[in-house]
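Being a predicted model, the structure only gives us computed values, none of them experimental. Order of appearance sets the numbers: ligands from 1, and atoms from 1 within every ligand.
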Amino acid sequence: MSAGRSAAPARGQWAFHDGAFVPAAEVRLGPGLQALQYGTGVFEGIRAYAAGPDTSHLYRARDHFSRMISSAALLRIAVGPSADELVEITTELLRRNGHTGDAYVRPLAYKTALEPGVPFGVRLQGVSSSLTVVSLPMGSYVPKEGISCGVSSWRRIPDSSLPARAKITGAYANNALATDEATQAGYDDAVFLNQAGHVAEASTANVFLVRAGRVATPSHASDILEGITRDSVISLLRRDEGVEVEQRTVLRSELGTADEIFLTGTGCEIVPVTSMDGRPVGSGAPGPVTRRVMDAYERAVRARDPRTAEWLTPVHRTAVRL
Ligand SMILES: Cc1ncc(COP(=O)(O)O)c(C=O)c1O
């Protein structure tokens with residue numbers, strides 16, 4: 001499940017790079033980059049939603065940056081700015097880039113080069129790091145009427161090898177293998193099992209199942225990224241419907257017997273899974289719980305739900321010419 005485009009900014013856009021706003025086209029990273037060679041970077045994907053002709057809102061930006069800082073700590077990357085400062089930097093970046101619609105922000109903190117005197121080798125200590133944030137216009141890209149998924153033959157990387165809860169660039173080769181296999185087989189996306197054979201997550205989204213009115217999602221101990229959209233959905237279901245989502249081990253067989261399945265993620269937002277492993281899920285159309293979650297999420301991100309206003313950071317756009 002992909003946007004069909006890279007997260008690279010268009011020409012004429014600003015980037016925040018190593019402490020300053022610079023033209024994105026001037027950011028040059030060489031072949032010696034440690035993160036390129038060993039996958040030692042961490043990243044986030046954050047959406048901004050238009051809320052009027054000149055205003056948009058970043059959605060849960062502080063939570064994304066807090067997660068990035070904790071992912072970075074695992075790789076001994078010093079991000080520099082705090083989560084609050086990163087929100088301010090991003091607001092300024094969006095303002096400068098003057099996006100007129102929905103936008104996507106891609107912050108990346110990564111290892112760059114061995115510090116002087118540090119011996120050659122794959123290591124985390126004695127390696128400098130950088131921070132780059134880019135933004136680009138991006139609307140919804142996943143069909144809201146439903147997608148097909150297949151269980152991947154690739155298993156999710158276990159926490160004991162490379163923690164899925166940290167958004168580490170190198171780990172996404174695992175996700176790319178699963179997406180490649182799924183799309184070659186004619187599915188829209190893959191669902192990963194973990195090493196124990198239980199449901200983990202989709203290629204870049206968390207999985208929820210509805211069965212006989214109960215809602216479940218794989219627990220934090222199932223080798224998942226602890227999604228911010230997942231957290232939003234758990235809160236919204238609790239608040240709006242009094243439904244407590246079961247966070248537990250989810251068996252593969254539950255995918256085949258669920259009334260509804262949906263995925264959650266910043267990129268895909270809330271997307272119904274209407275076919276799993278070539279079989280219809282429930283009636284084969286988005287189910288009532290999925291539809292209500294989609295509506296509640298849309299209201300939250302579009303600033304139409306005053307009770308979730310704390311999740312939004314306003315951005316007032318005035319493009320700054322390069
Ligand atoms: C592997 C993986 N799982 C889940 C998610 C969903 O996380 P979030 O809702 O924070 O975007 C993502 C997307 O970032 C992801 O890459």
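Relative to the ring axis of Phe192, Arg156 places its NZ or CZ within 45° and under 6.0 Å from the centre.
Ring centers of Phe43 and Tyr110: at least 6.0 Å apart, outside the cut-off.
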Which N/O atoms of ligand 1 sit under 3.5 Å from a protein N/O, and at what distances?
unit_1   : atom_1 : unit_2 : atom_2 : d
ligand 1 : 3 (N)  : Glu201 : OE1    : 2.6
ligand 1 : 9 (O)  : Ile228 : N      : 3.2
ligand 1 : 9 (O)  : Thr229 : N      : 2.9
ligand 1 : 9 (O)  : Thr229 : OG1    : 2.6
ligand 1 : 10 (O) : Arg67  : NH1    : 2.9
ligand 1 : 10 (O) : Arg67  : NH2    : 3.0
ligand 1 : 10 (O) : Ile228 : N      : 2.8
ligand 1 : 11 (O) : Thr266 : N      : 2.9
ligand 1 : 11 (O) : Thr266 : OG1    : 2.6
ligand 1 : 14 (O) : Lys167 : NZ     : 2.8
ligand 1 : 16 (O) : Lys167 : NZ     : 3.2
ligand 1 : 16 (O) : Tyr172 : OH     : 2.6

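Of the candidates Ser71, Ser129, Ser128, Ile77 forms a side chain to side chain contact (heavy atoms under 4.5 Å, CB included) with just one, namely Ser129.
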When the side chains of residues 114-124 are checked against the rest of the protein, which donor-acceptor pairs come out under 3.5 Å, sequence neighbours left out?
unit_1 : atom_1 : unit_2 : atom_2 : d
Arg123 : NE     : Pro119 : O      : 3.1
Arg123 : NH2    : Pro119 : O      : 3.2

Exercise for review: Apply salt bridge (Lys or Arg N to Asp or Glu O under 4.0 Å) to the pair Arg96 and Glu92, showing each step before the final yes or no.
Suggested key: CA-CA 6 Å; Arg96 281 173 174 253; Glu92 172 62 11; 2.8 Å; yes
Exercise for review: Kindly indicate, with the supporting measurements, whether the criterion ring pair (Phe, Tyr, Trp, His ring centres under 6.0 Å) is fulfilled by Tyr141 and Tyr104.
Suggested key: CA-CA 12 Å; Tyr141 58 79; Tyr104 186 79; 8.0 Å; no
